[in-house]
Amino acid sequence: MLVATTAQLRTAVQTLLDRCEPSLTETEKKSFSLVLTADFAPISVVRSISQHARREELGGFRVHELLAGGGLHFPPPVVKPRTKEYIARIEGLKAAAETRKYADLVKDLTADQRAETERQYFGGAALRGFSSIGMGWSALAGGLAAWFTLTKIFRLP
């Protein structure tokens, strides 16, 4: 997380660099110097500045005082591009979810009730000539194929 560099923060850094330079490491000197010119600084650097100021007894440089009047900056999230493999996996998961949903819908029905439900759900004309068990899965596959085709054509979610 980044925080806005305030006048108090820049004053604390300048005081630290002027009075305590021999006790600072090279990494600390570099990170503290960047705070003088940057608009934002990592919160870890601000904590380090506050700790050094208290250790050196410079006083008045607590984290909340250094950040008073500033704001927070959250970098935008990194969005990965969608690959063909990812899209295919999502479509497969959606198809599996639809299959599970339909199976839950008809699990308590008798064979006759199931055939009637399938006729209502998928339409009777497309199901002629299939056995009761095969009819359900064939119709389901046909319905899913039609659904996927329409989502590709109309770019539906």
Side-chain angles (χ1 to χ4, degrees), residues 1-10 12-13 24-54 61-157:
M1 176 173 54
L2 300 175
V3 294
T5 53
T6 61
Q8 296 92 332
L9 183 57
R10 288 189 176 104
V13 169
L24 299 174
T25 65
E26 287 301 316
T27 306
E28 290 171 336
K29 288 178 189 177
K30 286 181 184 176
S31 62
F32 292 176
S33 297
L34 290 175
V35 172
L36 293 174
T37 58
D39 291 333
F40 296 98
I43 189 70
S44 58
V45 173
V46 176
R47 282 190 202 128
S48 180
I49 291 167
S50 176
Q51 289 169 355
H52 278 290
R54 281 187 275 142
F61 295 123
R62 301 201 182 278
V63 173
H64 70 279
E65 294 168 345
L66 296 175
L67 298 178
L72 300 176
H73 175 72
F74 295 99
V78 177
V79 179
K80 293 181 181 178
R82 291 184 173 208
T83 63
K84 291 180 182 178
E85 294 83 16
Y86 174 76
I87 293 170
R89 179 172 162 80
I90 294 299
E91 288 176 356
L93 291 172
K94 285 180 182 178
E98 283 291 321
T99 303
R100 283 191 307 272
K101 182 179 175 184
Y102 179 74
D104 286 343
L105 178 71
V106 297
K107 71 180 176 185
D108 294 333
L109 301 177
T110 64
D112 293 336
Q113 290 172 325
R114 184 174 296 170
E116 181 60 32
T117 303
E118 289 170 353
R119 266 189 224 98
Q120 290 174 353
Y121 192 70
F122 295 109
L127 301 177
R128 288 191 192 117
F130 293 100
S131 68
S132 176
I133 295 172
M135 175 173 52
W137 292 109
S138 298
L140 178 62
L144 288 174
W147 181 76
F148 280 118
T149 303
L150 290 174
T151 57
K152 289 289 184 182
I153 292 172
F154 297 109
R155 297 181 185 215
L156 299 174

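As a basis for the values below, the full set of heavy atoms in this structure was taken, side chains included, without hydrogen atoms, waters or symmetry mates. Keep in mind it's a predicted model, so treat the numbers as computed, not measured.
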Worksheet entry | Closest approach of R10 to A38 (non-hydrogen atoms, all atoms of both residues) | NH2-O, 3.1 Å
Discussion item. Could you measure the distance from the CG atom of L93 to the CZ atom of R100? Nearest 0.5 Å is fine.
Written reply: 8.0 Å
Discussion item. What's the separation between atom OG in S31 and atom CD in E26, rounded to the nearest 0.5 Å?
Written reply: 11.0 Å
Worksheet item: Judged by atom type as modelled, is there a donor-acceptor pair below 3.5 Å linking the side chain of S48 to the main-chain atoms of S44?
Response: no
